[in-house]
Amino acid sequence: MAKRYWLMKSEPDVYGFDDLLAEPNQTDHWDGVRNYQARNIMRDEMKVGDGVLFYHSNTKPPHVVGVAEVVREGYPDHTAFDSNEKYYDAKSDPDNPRWYMVDIRAVEKLPAIVPLDQLKSDERLVDMKVTQRGQRLSVQPVTATEFQVVVELAKANADAS
DNA sequence: GCCAACGTTGGC
DNA sequence: GCCAACGTTGGC
């Protein structure tokens with residue numbers, strides 16, 4: 001399977017790219033996803049080595065901030081089993097887990113952020129889910145081309161500033 | 001802070 | 001299995 005690419009959303013106030021950079025080995029597990037579509041992607045589709053665009057939502061402006069990679073494939077999200085956890089789900093049984101997560105490692109913080117407006121205005125990115133109205137999926141696929149374009153936009157932004 | 005979009009829940 | 005009610009996401 002060729003390397004694939006994904007976009008993962010997080011609210012910077014909750015868990016931002018800098019938090020990932022601060023982790024040992026710049027690696028952490030992506031817990032707390034409680035959406036079946038996103039779960040399926042993490043459980044079934046994300047593979048070690050896949051590229052990830054790290055996106056900050058619910059901030060002004062929303063933007064892509066960095067690049068990460070998948071370092072561990074889907075495994076049960078243990079935070080669903082612990083009633084002390086914010087993301088506890090009584091319906092997820094350790095013998096038959098409902099929720100899964102992956103581990104990602106920060107690869108690089110982009111030299112400049114790429115705001116959502118810029119993603120929307122680039123004709124090469126019109127099919128990106130994140131640019132489409134009402135698209136809330138927190139883990140979504142992107143194409144190799146889209147991934148590359150976003151990285152290039154970040155570099156161009158840095159050069160222009 | 002608002003609210004549109006969308007996912008989930010639960011009564012029937 | 002439908003669908004109304006409700007909760008959440010997330011841009012604006």
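Residue numbering restarts at 1 for every chain, and letters A, B, ... go by the order of the sequence lines.
Between the P atom of B:dA5 and the CG atom of A:N35 lies a distance of 18 Å, rounded to the nearest Å. Rounding to whole angstrom units, CG of residue A:D117 and C1' of C:dC12 are separated by 10 Å. Taking atom NE2 of residue A:H63 and atom C1' of nucleotide C:dG10, one finds them 14 Å apart after rounding to whole Å. Residue A:K60 contributes atom NZ, which lies 14 Å from atom P of B:dC2 at whole-angstrom precision. The CG atom of A:L119 sits 15 Å away from the C1' atom of C:dG10 (whole-angstrom rounding). What separates CG of A:D13 from P of C:dT9 is a distance of 14 Å, to the nearest Å.
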Stepwise, does the ring pair (Phe, Tyr, Trp, His ring centres under 6.0 Å) test hold for A:W30 with A:Y100?
-> CA-CA 9 Å; A:W30 200 262; A:Y100 284 73; over 10 Å; no
Take A:T59 and A:D13 through the side-chain contact (heavy atoms from CB on, under 4.5 Å) test and state the conclusion after the steps.
-> CA-CA 8 Å; A:T59 187; A:D13 290 345; over 6 Å; no
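Residue contacts shown for A:Q37 are limited to sugar-phosphate atoms, with no base heavy atom under 4.0 Å away.
A donor and an acceptor atom, one from each side chain of A:Q132 and A:D127, are nowhere located under 3.5 Å apart.
Using a cutoff of 4.0 Å between basic side-chain nitrogens and carboxylate oxygens, A:D122 and A:R124 are scored as salt-bridged.
Within the 4.0 Å cut-off from OP1 or OP2 of B:dC6, not a single side-chain nitrogen or oxygen of A:K129 is found. For the pair A:K9 and C:dG10, the criterion of a side-chain N or O lying under 4.0 Å from OP1 or OP2 is met. Between A:Y36 and B:dC6 there is no side-chain N or O to OP1 or OP2 distance below 4.0 Å.
Put simply, NZ on A:K9 and OG on A:S57 are 6.5 Å apart, with the number rounded to the nearest 0.5 Å.
For A:S57, whose side chain is taken as the heavy atoms from C-beta onward, the closest listed nucleotide among C:dC12, C:dG11, B:dG7 is C:dG11. Residue A:N58 has its side chain nearest to C:dG10 when only C:dG10, B:dT8, B:dG7 are considered.
Under the side chain to side chain donor-acceptor pair (under 3.5 Å) rule, A:D77 has a single partner from A:R98, A:R34, A:H29, which is A:R34.
Less than 4.0 Å separates DNA chain B from at least one heavy atom of each of the following residues of residues 130-139 of chain A: A:R133, A:G134, A:R136.
Aromatic ring orientation, A:Y5 versus A:F147: tilted (interplanar angle from 30° to 60°).
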